[in-house]
Amino acid sequence: IQMKWYELAENPQAISALYSEAPSLQSVHLKEIHLHRDGPRMTLMIDLSQFPDRIPARWKLRGYTFVQLQLDFWDLTSIEMIQRSMQNPVDVHIGTTGERRVSVQVVSSGGHIQAVVRLFRITLHKS
């Protein structure tokens, strides 16, 4: 059985608590790619096009319905960037490698990033 992308995360409940069906990472708006020295790690900030099914009451009170996804990829073992331009929309693919690592690909019409990491964590920002 192939795991869904969020099930590979350290904290899959961040997605399963809000979505009955995992949001697609296809044709999303990539806001930021950040490479950090510590770790080393990589952060992707993505605007999801799918609204949550289960919006927490405290979000509803403030009118939050939109979710921005922050993916922090830790222990980056390899990264390859082809071309300089990452044009929106992008497709993000998260899967596994044969060595119990997580593979990450960000593909756009203007560029491609491919990385292998040990683990990743999901953070949701509301707006």
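We count residues from 1, following the sequence as given.
- Within the 4.5 Å cutoff, no side-chain heavy atoms of R41 are placed close to those of L76.
- Among the candidates V104, V116, V117, L35, the single residue satisfying the side chain to side chain contact (heavy atoms under 4.5 Å, CB included) test with I79 is L35.
- Taking each heavy atom of S24 and L48 in turn, the nearest pair found is O-CD2, 4.2 Å.
- The line from CD1 of I15 to NZ of K4 is 12.5 Å long, rounded to the nearest 0.5 Å.
- Shown here is R54, whose CZ atom has more than 12 heavy atoms of other residues, nucleotides or ligands within 6.0 Å.
- For the pair T96 and S103, the tightest heavy-atom approach, listed with the atom from each and the gap, is N-OG, 4.0 Å.
- Annotation: ring-ring contact (aromatic ring centres under 6.0 Å, His included) contacts involving residues 93-127, sequence neighbours excluded, comprise F73-F120.
- Of all heavy-atom pairs spanning L18 and L124, the tightest one is CD1-CD1, 3.3 Å.
- Atoms CD1 and CG, from I46 and L25 in turn, are 5.5 Å apart once rounded to the nearest 0.5 Å.
- Of all the heavy atoms in W5 and P23, the pair that sits closest is NE1-O, 3.1 Å.
- At a threshold of 4.5 Å between non-hydrogen side-chain atoms, the residues V102 and L119 do not count as touching.
- Qualifying side chain to side chain contact (heavy atoms under 4.5 Å, CB included) partners for E99, counting only residues two or more places apart in sequence or in other chains: T97, R101.
- To the nearest 0.5 Å, atom CG of residue D47 and atom CD of residue Q68 are 5.0 Å apart.
- At a threshold of 4.5 Å between side-chain heavy atoms, the hydrophobic network of Ile, Leu, Val, Met, Phe, Trp and Tyr places V107 and I94 in two separate groups.
- The list of ring-ring contact (aromatic ring centres under 6.0 Å, His included) pairs with a residue in residues 8-54, not counting sequence neighbours, reads H34-H36.
- Nearest approach of E21 to Q50, heavy atoms of both residues: O-NE2, 3.5 Å.
- Counting all heavy atoms, side chain and backbone alike, S20 lies closest to D53 at N-OD2, 2.6 Å.
- To the nearest 0.5 angstrom, D72 atom CG is 10.0 Å from E10 atom CD.
- Atoms CD1 and CD, from I122 and Q70 in turn, are 11.0 Å apart once rounded to the nearest 0.5 Å.
- Summarising the geometry, atom CG belonging to L71 is positioned 9.0 Å from atom CE belonging to M45; distances are rounded to the nearest 0.5 Å.
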